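Worksheet: the structure to be examined is printed underneath.
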Amino acid sequence: MKDILPPESAGWERLRGIAAGFFSAFGYNLSITPIVEKTELFVRSVGEATDVVSKEMYTFTDRGGDSITLRPEGTASIMRAYMNSPEWKGRVFKTWYWGPMFRYERPQKGRYRQFFQFGLEAIGSDSPYVDAELISMLDLFHKKLGIDDIRVELNTLGCPDCRTAYRKELIGYFKKHTAEICEDCSKRLDINPLRLLDCKNRDCAPVIEKSPVILDLICDNCKSHFETVCGVLKSAGVEYNINSRLVRGLDYYNGTVFEFVTGRLGDRQNAVGGGGRYDSLAGQIDGQAVPAVGYAGGIERLLMLLDGSLNIDEKFSVYIAMLDETTLKKYMPLFIALKKGSIDHKPEYLFNDDSYRVTGAKKHLSKANRINARFAIIAGGIEAEKNEIIIKDLKEAREYKIVIETGDIKKAVLSVFNELDSIVSK
Ligand code: AMP
């Protein structure tokens with residue numbers, strides 16, 4: 001688990017802002033659900049045999065004796081919330097979320113025990129066009145962020161009937177090759193044979209490669225759904241690769257499944273996020289049949305790909321260097337007004353005051369250089385007497401003196417911004 005402090009947190013804040021605007025334009029509005037749920041929700045939905053439920057959940061008994069779990073993923077909570085909401089029942093519910101998830105995994109690069117996900121869910125529609133729009137939207141979202149070395153891996157898991165037939169084929173096939181598969185795969189074979197397909201053990205690869213492919217077995221309905229999704233993606237210009245080994249780690253998926261992958265995160269952690277249809281999840285929670293499709297992406301991994309490009313641009317930072325307390329007191333209302341004014345100003349100036357310590361010009365300037373400030377606002381008794389301040393451009397080593405109308409704070413703010421703007425544009 002890690003702390004996210006400034007300046008790193010700026011990238012998080014910006015990413016959240018971009019995501020909110022982008023997803024709501026597509027009709028996916030924000031939902032906030034509790035960080036804990038009853039344990040049984042995840043056991044029933046994510047699946048008892050999955051790694052997440054069997055090995056990775058943070059579960060505890062609360063003071064009332066109920067078993068509670070820190071959420072390991074967001075979809076089950078959103079589905080529970082949808083089913084609890086009389087307002088949304090029976091309507092198509094499109095939503096997005098963002099927040100911390102918890103899994104007791106072995107920590108490594110790009111893998112944490114508390115990590116953040118953003119997710120999108122469209123509940124109440126079985127249309128393949130909703131699947132296709134979701135994937136296209138995510139493709140555009142990544143491109144908007146400037147990540148273009150990312151591709152979509154796509155597969156279908158078919159409906160429960162197709163799955164039953166496929167499971168049988170897989171069990172039959174792998175039972176003939178038990179000597180060639182790893183211990184984990186042997187254990188999983190009877191419980192969840194589909195998971196063998198994404199085993200990362202290299203020894204299993206040759207057997208997996210020759211295993212039966214679901215696309216050869218699915219029914220006409222599932223085939224036509226999948227073909228519609230592929231058709232829309234093709235005409236929308238989304239690059240995808242049909243990967244018959246893509247099965248996803250959680251039990252509730254059926255039909256369309258997909259992942260956004262990149263080669264830039266190393267081979268074990270290549271997925272930025274994944275999703276698919278989960279038409280049976282509502283039934284597992286409370287017996288109703290409600291079709292749905294969704295996606296969850298990892299924020300840490302997305303930010304790793306962005307490599308600091310969303311961080312605040314430090315090039316317009318302004319260091320406040322007051323030489324004595326009387327001057328500081330005089331100009332303090334100006335500094336407060338400048339900070340407020342910078343919220344709406346372009347370029348965005350970042351005011352750094354060093355806790356309003358008063359000291360000599362030399363000390364101030366060496367501090368300003370150390371923190372890479374572009375400008376310093378300097379004033380002492382001589383300037384204060386004439387209602388002046390000095391703006392020093394630390395990059396060009398030039399000074400500009402301006403008069404401050406202390407009686408008209410709006411005018412004063414404007415004159416500082418005008419001066420800064422004119423230096424920046426030189
Ligand atoms: P999943 O819910 O397992 O399909 O995960 C969806 C995405 O969440 C992954 O592709 C990762 O980007 C991210 N993710 C999952 N587990 C972790 C973790 N332990 N640490 C960081 N990111 C994770």
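All figures in this text were calculated on a predicted structure; none of them were measured in a lab. Whatever order the structure lists them in is the order used to number ligands and atoms, beginning at 1.
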Ring pair (Phe, Tyr, Trp, His ring centres under 6.0 Å) partner of Phe118, chosen from Trp12, Phe141, Trp96: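 With Phe118 as partner, Trp12, Phe141, Trp96 yield a single ring pair (Phe, Tyr, Trp, His ring centres under 6.0 Å), made by Phe141.
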For [atom], what is the closest protein heavy atom, and at what distance to 0.1 Å?
atom: atom 6 (C) of ligand 1; value: Gln117 NE2, 3.3 Å
atom: atom 3 (O) of ligand 1; value: Arg103 NH1, 2.9 Å
atom: atom 10 (O) of ligand 1; value: Ala271 O, 3.2 Å

Taking 4.0 Å as the limit for heavy-atom contacts, which would you say applies to Arg301 with ligand 1: side chain only, backbone only, both, or neither?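 For Arg301, only side-chain atoms sit under 4.0 Å from ligand 1.
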Does only the side chain of Arg113 get under 4.0 Å from ligand 1, or the backbone, or both, or neither? Count heavy atoms.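 Within the 4.0 Å criterion, Arg113 makes no contact with ligand 1.
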Val36, Ile35, Thr69 screened by side-chain contact (heavy atoms from CB on, under 4.5 Å) with Phe102, the one that passes: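 Only one of Val36, Ile35, Thr69 forms a side-chain contact (heavy atoms from CB on, under 4.5 Å) with Phe102, namely Ile35.
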Out of Phe116, Tyr295, Phe115, indicate the one that has the non-hydrogen atom closest to atom 22 (N) of ligand 1. Phe115
Which of the listed options, Gly74, Pro107, Gly110, holds the heavy atom that is closest to atom 21 (C) of ligand 1?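 It is Gly110 that holds the nearest heavy atom.
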Can you check whether [X] has an N/O within less than 3.5 Å of an N/O in ligand 1?
X: Tyr112; answer: yes
X: Val272; answer: yes
X: Gly274; answer: no
X: Glu105; answer: yes

For the pair Phe260 and Phe258, name the ring-plane relationship: parallel under 30°, tilted 30 to 60°, perpendicular over 60°.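 Geometry flag for Phe258 against Phe260: perpendicular rings.
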Out of Lys367, Arg370, His364, which residue meets the side chain to side chain donor-acceptor pair (under 3.5 Å) rule with Tyr319?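 Among the candidates, only His364 passes.
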Please check: side-chain N/O of Ser125 versus main-chain N/O of Ser127, any donor-acceptor pairing under 3.5 Å?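 Looks like yes, one N/O pair under 3.5 Å.
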Backbone N or O of Leu338 within a donor-acceptor pair of the Tyr349 side chain at under 3.5 Å?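 No.
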Any atoms of ligand 1 less than 4.0 Å from a non-hydrogen atom of [X]? List them with their elements.
X: Ala296; value: 6 (C), 7 (C)
X: Arg248; value: 4 (O)
X: Gly298; value: 7 (C), 8 (O), 12 (O), 13 (C)

I would like to know whether Trp88 and Tyr82 meet ring pair (Phe, Tyr, Trp, His ring centres under 6.0 Å); could you show each step before the answer? CA-CA 6 Å; Trp88 280 103; Tyr82 166 80; 7.7 Å; no
Measure the shortest side-chain to side-chain distance between Met322 and Tyr331 over non-hydrogen atoms and say whether it is less than 4.5 angstrom. yes
Test item: Lys94 and Asn29 side chains (from C-beta on) under 4.5 Å apart, heavy atoms: no
